[in-house]
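When reading the values below, keep in mind they use all heavy atoms of this one structure, side chains included, and skip hydrogens, waters and symmetry mates. Counting convention: from 1, in listed order, for ligands and their atoms alike.
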Amino acid sequence: MAVIEVVVGDITRENVDAVVTAANESLLGGGGVDGAVHRAAGPRLARAGAAIAPCAAGDAVATPAFDLDPPVRHVIHTVGPVWAGGGQGEADVLASCYRRVLQVADGIGARTVAVPAIATGVYGFPPEQAARIAVATVRSTPTAVEVVRLVAFDEETRGWLRAALTTSD
Ligand code: APR
């Protein structure tokens, strides 16, 4: 089981093997964390994404990290669910994002992975519930990843992630 860390910061500054971005199905980039990752990785990231798009909600795919500073070698793109009130299976799709991220990380041999609060921005997923899903899914997914660093962009999200960590299964 991976060790779970919670930090606050800009995910593009994390020194890990793979940085996860909260993408959309086109993998062409967008706003939020996806915008930040694409800006840091450079235009080749969108070209690599376009070559393997679409990525379905709940799935994840890896590309090189291009201009991201070392040691980041990979970007793992995952597409979260758009929050529609909670009755459309959004929680299962979000859990699938975290599970697929770990599976893709295993496939590329990444041992340290930084993950943003997927779907809790533009896609509107409630951050407290999303934090619980993130922690529970990482804890329950067999993986060779040694460290999963959950990167919050604000104190509120960090609080929810920390609270989720202290909640036993
Ligand atoms: N580092 C870490 N986290 C960040 C950063 C950053 N540089 N920038 C934003 N975030 C946080 C947001 O504050 C939020 O908590 O990432 C979380 C996810 O929010 P979004 O980036 O809006 O992602 P999401 O809700 O999954 O929406 C995805 O938005 O940017 C587009 O192309 C993307 O269409 C897709 C949609």
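- For E14, the side-chain hydrogen bond (donor to acceptor under 3.5 Å, both in side chains) partners are R149, not counting sequence neighbours.
- Within 4.0 Å of ligand 1, the residues that place a heavy atom are G9, D10, I11, A22, A23, N24, G29, G30, G31, G32, V33, D34, A36, A117, A119, T120, G121, V122, Y123, F153, listed by chain and number.
- A distance below 6.0 Å separates the ring centres of F125 and W83.
- Looking only at side-chain heavy atoms (C-beta outward), V148 and V115 come within less than 4.5 Å of each other.
- Listed by first and then second residue, the salt bridge (Lys or Arg N to Asp or Glu O under 4.0 Å) pairs involving residues 51-63 are D59-R100 (not counting sequence neighbours).
- Side-chain contact, H77 with T63: a donor N or O sits under 3.5 Å from an acceptor N or O.
- Scored by the side-chain contact (heavy atoms from CB on, under 4.5 Å) test, A105 finds I76, A110, V113, V145 as partners (sequence neighbours excluded).
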